[in-house]
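Both backbone and side-chain heavy atoms feed into the values below; hydrogens, waters and symmetry mates do not. Both ligands and their constituent atoms are indexed starting at 1 by order of listing.
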Amino acid sequence: MSDVDGFVPVLIVGAGPVGVTVATLLAQHGVDCLVLDRFADVYPRPRAVHLDDEVLRIVGRLGIAAEFTALSRPARGLQLRDPNMNVLAQFRRERPETANGYPQANMFDQPEFEALLRSNLRSCQHAVLRGEAEVTGVVRAGAERAEVTFVDRVSGRQHRVEARYVLGCDGANSTVRTAIGATMRDMRFEQRWLVVDATTDAELDQWDGVHQVCDPRRAGTFMRVGPDRYRWEFRLLPGETAEHFGTVATLLPLIRPWVDGVAPERLVLVRVAEYTFRAQLADRWRRDNVFLLGDAAHLTPPFIGQGLCAGLRDAMNLGWKLAGVLNGWLPRAVLDSYEQERKPHVRYMIRFALAMGLTMTAGGEVGNLLRRVVVPRLKLLPGIRDKVVDSTTPALRSGALVVRRGHRRGLAGRLCPNPVLAGRGRFDEVVGPRFAVVTRAPVPEARRAELAHRGAVVIAAEPGAELADWLRRGRAAAAVVRPDGTVLYAGPDVSEACGHVPVFAPCLADA
Ligand SMILES: Cc1cc2nc3c(=O)[nH]c(=O)nc-3n(C[C@H](O)[C@H](O)[C@H](O)COP(=O)(O)OP(=O)(O)OC[C@H]3O[C@@H](n4cnc5c(N)ncnc54)[C@H](O)[C@@H]3O)c2cc1C
């Protein structure tokens, strides 16, 4: 495939984590794609530090779960503290791994993760990444194509490439978003925060989870990111900037509660930066063949560490659908389900982050009531306690690819668990990017052959095994699971369930 002037099935603008992830997923389906980024290398500054267990399944599907585990560490829960550092409430994550097969909260360094994503992409023969390529415009080119213009920042030459689909993964100030006439809708949140990354060879001897300091004057967050890496975030007061805190000495008044007794020379500042945290959602995520993903489509304050998680969910949601359309086994209309499924999910997660932000920062009587009366009692209420430590996110809305049998509390729209299947590896590895029918009931041989012909795999849920319990709790005998692990349909009749597997499902080699 030529990486300049010409045609490519999918052109991805932006080689941040979201762009590289969707490129890898498409390449796994044999879809040729070109990724353009204005810079040659990954953005070197630390940003995201947390991914949840659902999103680690996406990392696993990229084929780099073991490599990611090697550079990450699990966090053991959340403490809410008052301004004097007294613990208001503590939520522990006891289980080493969830039904998704990974720890609930995983701490890491974003540049290290992005370097891993890129080196993995290099092994994909269907994807080309071109750096120093500044995209300047995206226009319609006939009914079926879009034309992308970019400038080579080294030679200054302008190039034009046509693509069947363009994916705008170009971050918060997205050029693609502007090009398709989409605008960010404000969810009325804007705060300036100081973000501090530091290393030390000293043992800080802190509770090994995320500390959220609930203080209307100076809310803050502390967490251990790596063996010797720590992250603090503090709300900035009016008139303060990052320059006021550029040295260990000027930072000490803020970080003292965690580094008391540590000689200042043993603390090394990696980065001290100011960020304006915002909550925004693009009014539309698509025009014709051009889609928005990641920060180009949504922004959230990082109070629950979900910005990048949302972007990786976008990549997973759209990747297999687009591959299905381009490879001819799904109708084009399914692409409408991308925004229909993802937007409400992202809105929910942003609102959850805003609620956490309110607990940390709200002033006045409401804030005091929240912190003094409500928060300390949260841990006593099993439903709420479970919600805080449970990383399960809401089910996707009903649509063409999430079919419910009436009640919303069923399995449809939720992730299928990812247990180890006796002697065969984890569910995700066994199934790969195919549809699966998970069933407690027997499937006749002719039906199996027909499903295999459609590219779907049958997974028998043995009595007593995790998948069988999961189906039983969901009052289903069988479930159809999409290539992204989401349940398309679950019901009491296995034959009816099989009917929900698309007729031209992906035909891939047996896993
Ligand atoms: C302080 C902080 C803490 C955070 N903590 C978390 C957390 O714990 N967990 C979490 O999930 N998220 C967190 N986030 C959010 C997370 O960092 C972002 O959501 C994530 O980086 C978005 O990825 P992306 O690929 O969509 O965009 P980006 O990472 O911004 O990548 C966009 C890419 O597009 C390229 N680009 C832009 N314009 C053009 C153009 N015109 N032409 C060519 N290339 C272009 C850029 O060079 C860049 O490489 C945090 C963010 C911040 C700031």
Side-chain angles (χ1 to χ4, degrees), residues 11-23 34-52 54-56 58-59 72 75 105-111 113-114 117-118 129-138 148-153 159 166-179 191-197 210 221 223 225 231-234 242 271-280 282 291-315 346 349-350 353 356 391 393:
L11 191 146
I12 296 161
V13 185
V18 175
V20 174
T21 297
V22 74
L34 170 63
V35 192
L36 299 176
D37 200 286
R38 60 157 66 109
F39 298 120
D41 294 314
V42 300
Y43 183 65
R45 307 276 165 74
R47 287 183 291 166
V49 290
H50 161 266
L51 290 181
D52 66 39
E54 291 184 355
V55 170
L56 274 211
I58 301 171
V59 175
S72 72
N106 305 275
M107 312 307 286
F108 68 102
D109 176 60
Q110 186 169 340
F113 176 46
E114 289 195 41
L117 287 172
R118 283 201 184 192
L129 192 164
R130 178 173 176 149
E132 308 282 16
E134 173 94 30
V135 170
T136 51
V138 184
V148 175
T149 314
F150 71 93
V151 176
D152 184 315
R153 294 173 70 238
H159 299 271
V166 174
L167 309 185
C169 305
D170 50 344
N173 301 313
S174 170
T175 301
V176 179
R177 190 175 64 229
T178 308
Q191 285 181 3
R192 292 183 320 117
W193 281 65
L194 183 75
V195 177
V196 178
D197 288 276
V210 177
T221 302
M223 60 205 118
V225 177
R231 157 75 57 93
W232 284 271
E233 293 166 5
F234 297 102
R271 186 176 190 222
V272 180
E274 176 182 330
Y275 274 97
T276 302
F277 293 160
R278 293 193 168 88
Q280 293 180 343
F291 293 81
L292 301 177
L293 295 83
D295 278 16
H298 41 74
L299 290 175
T300 175
F303 302 135
I304 54 168
Q306 281 291 334
L308 174 55
C309 292
L312 298 181
R313 287 184 171 100
D314 296 344
V346 170
M349 298 307 285
I350 296 177
M356 177 59 82
S391 49
T393 63

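Among V176, D295, L312, the residue whose heavy atom lies nearest to atom 26 (O) of ligand 1 is D295. Among A105, C169, A133, the residue whose heavy atom lies nearest to atom 32 (C) of ligand 1 is C169.
Residue, atom and distance of the protein heavy atom nearest to atom 48 (C) of ligand 1 are D37 OD2, 3.3 Å. At the shortest separation from atom 21 (O) of ligand 1 among protein heavy atoms lies Q110 NE2, 2.9 Å. Looking only at heavy atoms of the protein, atom 1 (C) of ligand 1 is closest to V195 CG2, 3.6 Å. Nearest protein neighbour of atom 36 (N) of ligand 1, counting heavy atoms only, is D170 CB, 3.9 Å. Closest to atom 31 (O) of ligand 1, if we only count protein heavy atoms, is G16 CA, 3.5 Å. What sits closest to atom 52 (C) of ligand 1 on the protein, heavy atoms only, is R47 CB, 4.0 Å. For atom 5 (N) of ligand 1, the closest heavy atom belonging to the protein is A48 CA, 3.3 Å. Looking only at protein heavy atoms, the nearest one to atom 25 (O) of ligand 1 is V18 N, 3.1 Å.
Atoms of ligand 1 found under 4.0 Å from any heavy atom of P302 (numbered from 1 in listed order, with element): 3 (C), 4 (C), 5 (N). The distance from ligand 1 to the heavy atoms of G171 drops below 4.0 Å at these ligand atoms: 27 (O), 30 (O), 32 (C). Close contacts of ligand 1 with E134, meaning ligand atoms under 4.0 Å from a residue heavy atom, involve 41 (N), 42 (N). When each atom of ligand 1 is checked for a heavy atom of F39 under 4.0 Å away, the hits are 47 (O).
In this structure, OG1 on T136 lies 11.0 Å from NE2 on H159, to the nearest 0.5 angstrom. From M349, atom CE reaches atom CD1 of I304 across 4.5 Å, with rounding to the nearest 0.5 Å. Here the CG atom belonging to L299 is positioned 7.5 Å from the CD1 atom belonging to I350, to the nearest 0.5 angstrom. Expressed to the nearest 0.5 Å, how far CD1 of I58 lies from CG of L51 amounts to 9.0 Å. Distance CZ/F113 to OG1/T21: 5.5 Å, rounded to 0.5 Å. Between atom CG of residue D109 and atom OG of residue S72 there is a gap of 11.5 Å, rounded to the nearest 0.5 Å.
Between F150 and the choices V135, V13, V138, T175, the side-chain contact (heavy atoms from CB on, under 4.5 Å) rule is met once, by V135.
When all heavy atoms are compared, the tightest approach of L292 to A282 is CD1-CB, 4.3 Å. Of all non-hydrogen atoms in A242 and A273, the two that sit nearest each other are CB-C, 4.1 Å. The minimum heavy-atom distance between L312 and V18, with the atom names listed, is N-CG2, 4.2 Å. Closest heavy-atom contact between R231 and R47: NH2-O, 2.8 Å.
Considering backbone and side-chain N/O atoms, R38 comes within less than 3.5 Å of an N/O atom of ligand 1. Between L308 and ligand 1, a contact under 3.5 Å exists for at least one N or O pair. Annotation: E114 places no N or O atom under 3.5 Å from an N or O atom of ligand 1; distance criterion only. For the pair R231 and ligand 1, the shortest N or O to N or O distance does not fall below 3.5 Å. In terms of polar-atom proximity, A172 is not counted as a contact of ligand 1, lacking any N or O under 3.5 Å from an N or O of the ligand. Polar contact check, G294 against ligand 1: no nitrogen or oxygen pair lies under 3.5 Å apart. Residue G305 places at least one N or O, backbone or side chain, under 3.5 Å from an N or O of ligand 1. Backbone and side-chain nitrogen or oxygen atoms of G14 are examined, and none is located within less than 3.5 angstrom of a nitrogen or oxygen of ligand 1. Distances between N or O atoms of C309 and those of ligand 1 include at least one value under 3.5 Å.
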Walk me through it: do D52 and Q306 pass the test side chain to side chain contact (heavy atoms under 4.5 Å, CB included)? CA-CA 8 Å; D52 66 39; Q306 281 291 334; 2.8 Å; yes
Step by step, work out the side chain to side chain contact (heavy atoms under 4.5 Å, CB included) result for V195 and R271. CA-CA 8 Å; V195 177; R271 186 176 190 222; 5.6 Å; no
I would like to know whether V210 and H50 meet side chain to side chain contact (heavy atoms under 4.5 Å, CB included); could you show each step before the answer? CA-CA 10 Å; V210 177; H50 161 266; over 6 Å; no
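Contacts between V135 and ligand 1, counted as non-hydrogen atom pairs separated by less than 4.0 Å, involve both the backbone and the side chain.
Within 6.0 Å of the CZ atom in R45, the count of heavy atoms belonging to other residues, nucleotides or ligands does not exceed 12.
Distances shorter than 4.0 angstrom occur between a heavy atom of P17 and an atom of ligand 1. For Y275, the heavy-atom gap to ligand 1 drops under 4.0 angstrom.
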